[in-house]
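Notes follow the structure.
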Amino acid sequence: MKAMKSMKDLFMHELGDLYHAENQLLKTLPRISERVSSEELKSALKEHTEETKEHVHRLEECFKQMGEKTSAHECQAMQGIIAEAEEILAQEEDGELIDAALIGAAQKVEHYEIAGYGTVTEWAKTMGQNEVARILGQTLSEEEKADGLLTKLARGGINQGAIKQ
Ligand SMILES: [Fe+2]
Ligand SMILES: [Fe+2]
């Protein structure tokens, strides 16, 4: 990690971390949506994949607004969360059991993103970067919405189905 000397350094580092995380997700989310059985879950994951593309663009816009070149910083946390999701994707089982497992994996992703975007949104506000804060806040609310939808789908029958399997 580059030496941090100011709040802006810290902020740019965190944007680079999120940028790397979102780009990794763009490779994994489509594979998760292909693997699940529930049509509702599949379409929720597909929709969030489209939103994730937009999250990447928004981060690029934030770099621009901050007068910096877009630069990714390897996000080891997201790599770990994705590695665990890969273990589930490699299972031979199908149906609600795998759906329930993948909802859990996807919610770990969302919670990591919620923590990251919550943090950078507050930092942007504190630095008086109101437009950047607004852009990041948009993504934050989509992450929260995605997380809430996953909870609803889990409670709406997928967890029960997994128990019966
Ligand atoms: Fe995202
Ligand atoms: Fe997300």
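We count ligands from 1, going down the list as the structure has it; atoms in each ligand are counted the same way.
Of all heavy-atom pairs spanning Asp9 and Ala3, the tightest one is OD2-O, 4.0 Å. Between Leu102 and Ala85, the closest heavy-atom pair is CD2-O, 4.4 Å.
A 6.0 Å sphere centred on NZ of Lys42 holds more than 12 heavy atoms belonging to other residues, nucleotides or ligands. Counting non-hydrogen atoms of other residues, nucleotides and ligands closer than 6.0 Å to CD of Glu14 gives a total above 12.
Listed by chain and residue number, Glu61 satisfy the side chain to side chain contact (heavy atoms under 4.5 Å, CB included) test with Lys64 (two or more places apart in sequence, or in another chain).
Of all N/O/S atoms in Glu110, OE1 sits nearest the Fe ion (ligand 2).
Around the Fe ion (ligand 1), the protein N, O or S atoms closer than 2.8 Å are Glu22 OE1, Glu22 OE2, His55 ND1, Glu113 OE2, Glu143 OE2, listed by chain and residue number.
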Begin from the C-alpha positions of Glu142 and Arg58 and carry the test salt bridge (Lys or Arg N to Asp or Glu O under 4.0 Å) through to its verdict. CA-CA 12 Å; Glu142 287 174 8; Arg58 285 190 195 133; 3.1 Å; yes
